[in-house]
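When reading the values below, keep in mind they use all heavy atoms of this one structure, side chains included, and skip hydrogens, waters and symmetry mates. Whatever order the structure lists them in is the order used to number ligands and atoms, beginning at 1.
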Amino acid sequence: MDLSTSQRTDMCGTLTAADVGRTVTVCGWVDKRREHGEHLAFIDLRDRTGVVQCVVNISHDLRSEYVASMTGSVRLRPDDTANRDLATGEIEIEVSEIEILAQAEPPPFPLDERTDVDETIRLRHRYVDLRKERMQRNLRTRAAVNSALRRGMEEQGFVEVETPMLIASTPEGARDFVVPSRKEPGSFYALPQSPQLFKQLCMIGGIDRYYQIARCLRDEDLRADRQFEFMQLDAEMSFVGQEDVFAVISHAVAEATEAVTGERPTEFPRITWLDAMERYGSDKPDVRFGMELVELTPIFEGTEARVFQAPCVKGIRMEGGVEALSRNQIDGLVETCQRWGAKGLAWMKVVAGDDGPSLDAGVAKFLSADESAQVIAALEAEPGDMVFLVADERPLVRHVLGLLRLELGKPPVNEGGLHFLWVVDFPLFEGIGDGGKPIPAHHPFTMPHADDVHLLDEGGEALLDVRSQAYDLVLNGWELGSGSIRIHRTDVQSRIFELLGIGQEEAQSKFGFLLDALRFGAPPHGGFAFGTDRLTALLVGETNIREVIAFPKTQSGADPLTNAPSPIDATHLDDLGLRVLPPST
Ligand code: ASP
């Protein structure tokens, strides 16, 4: 692509031996400077495409990060000085004219990739940080992901519709960010946790296939894969079942992946939520590696060993664990599992015996010969392996072993390929909260599984067995996004609100507009949304989404660049009818 302008003829990083003899003008930042005697200097000039070596033998005052324009002729570097690692390494510019376009203070940190710079300092000077090759690459990849997603959705007939930022609350399970109204002091807009309700209204409005790369805001604790504001590819479609949704989203994700990696993922396997929990102890399993949780409960029915007298016993096998783990590390794992809530972690070594492998050390002595043999067989354990067992209530066993599996086996972010996975048949409710009300696992507009609707009338614990038509897309252990088939009938929606303890009045005041709309002819519809920050991060091999966001917040939610959040002045507060209370102690 030709990026020349009225001020430059070429980009720094694209000049090659084919340009030898040409007179060019390049513009950029002084990357590195090497002096050779009084008047000769080698200056690497950098722009977004890379660096080019400029040979300067006229007097100049160029310093690190100065912005300059250099004109000169391109020549081959002497043979022994060519740099094969650099795209422009064969050539240099013999500079005849320099113009300093802007001076610069010394950069607050070195711009190489090797120096580890404190994040707050990086973010305070993000405009300098963005000059790094890594950030340039990440932001360009992000743009490529977005544009491939747009193309992928549009070629499937999706229409981009923008939905408002100043709205009433949309429940996605997080706290709302709110904006005070000046016209109506004491009243607040909520910023969207997602465009959920609007996209459903689009379906009722006959849009048929909606999408948007939408900014969502959720006031919740930040983590490596979570920011207050983040972007989602948000989609909704009419007259569909979940297979239709899987097909269109898989297509868009495949487009984006191919655009970045050059390889198109062809497999988007399915796993039920229950299977994921039983086999991986997680609803976002990282299936790049095995080490699955193995059911051992039947083996210990009627066991004499007190530690295994529990409703559920499961185990995992670490291949070669005997070599790989020191006694100290094993003790550390036991403590970690206790921190995760387990009473203990039973570990044993698999050793070779005359009659085949047997269990040794740890709790091995508490097991009967038959139990040992069955554990070895169930885990398919070989001499040299370590086995780890947890016995407790089933949810706790899954949770602890799921985490232990990751601790012992999780590959680094950029290894093991990209493994997409649809997790289906999520439960409708994730638990029973205070006051006996069920807590929705997705949002309250999710359609229950047709076969389980009758359980809604039973109430109580039976509600936890109600499956929903909700699904997640998982990539390498990260939840990329969620979706569901929606309730499109007022009576079912009212029933769900009732179960959730959202009374008629509250439902009317919060979601009356949706309930009203459902009465005016709602097509069956469903959709999905997934985080484009997360997808981009995984595609470029970053472990923190902040690395693929131009201006992110720190872990504590602050922006060291603009100093947000910051107090507003008294007049502004007055206009909004607000008073700030002194901080509670
Ligand atoms: N609104 C949901 C979310 O943001 C996605 C969906 O159900 O389509 O998680």
Using side chain to side chain contact (heavy atoms under 4.5 Å, CB included) as the criterion, list what pairs up with [X], not counting sequence neighbours.
| X | answer |
| --- | --- |
| Ala522 | Ile204, His488, Leu518 |
| Val240 | Met237, Asp244, Val245, Ile485 |
| Pro269 | Glu267, Leu421 |

Practice problem: Assign the ring pair Phe426 / Trp273 to parallel, tilted or perpendicular, where the plane angle (0 to 90°) is split at 30° and 60°. | Solution: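 Taking Trp273 first and then Phe426, their aromatic rings sit tilted (interplane angle of 30° to 60°).
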Practice problem: Quick one: sort the His125 and Tyr127 rings into parallel, tilted or perpendicular, breaks at 30° and 60°. | Solution: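 Perpendicular.
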Exercise. List, ordered by chain and residue number, the protein residues whose closest non-hydrogen atom lies under 4.0 Å from any atom of ligand 1.
Key: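 Contacting ligand 1 under 4.0 Å are Glu172, Ser194, Gln196, Lys199, Arg218, Gln232, His442, His443, Ser482, Gly483, Arg486, Gly527, Phe528, Ala529.
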Practice problem: Search all heavy atoms of Thr536 against all heavy atoms of Arg142 and return the closest pair with its distance. | Solution: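 That would be CG2-CA, 3.6 Å.
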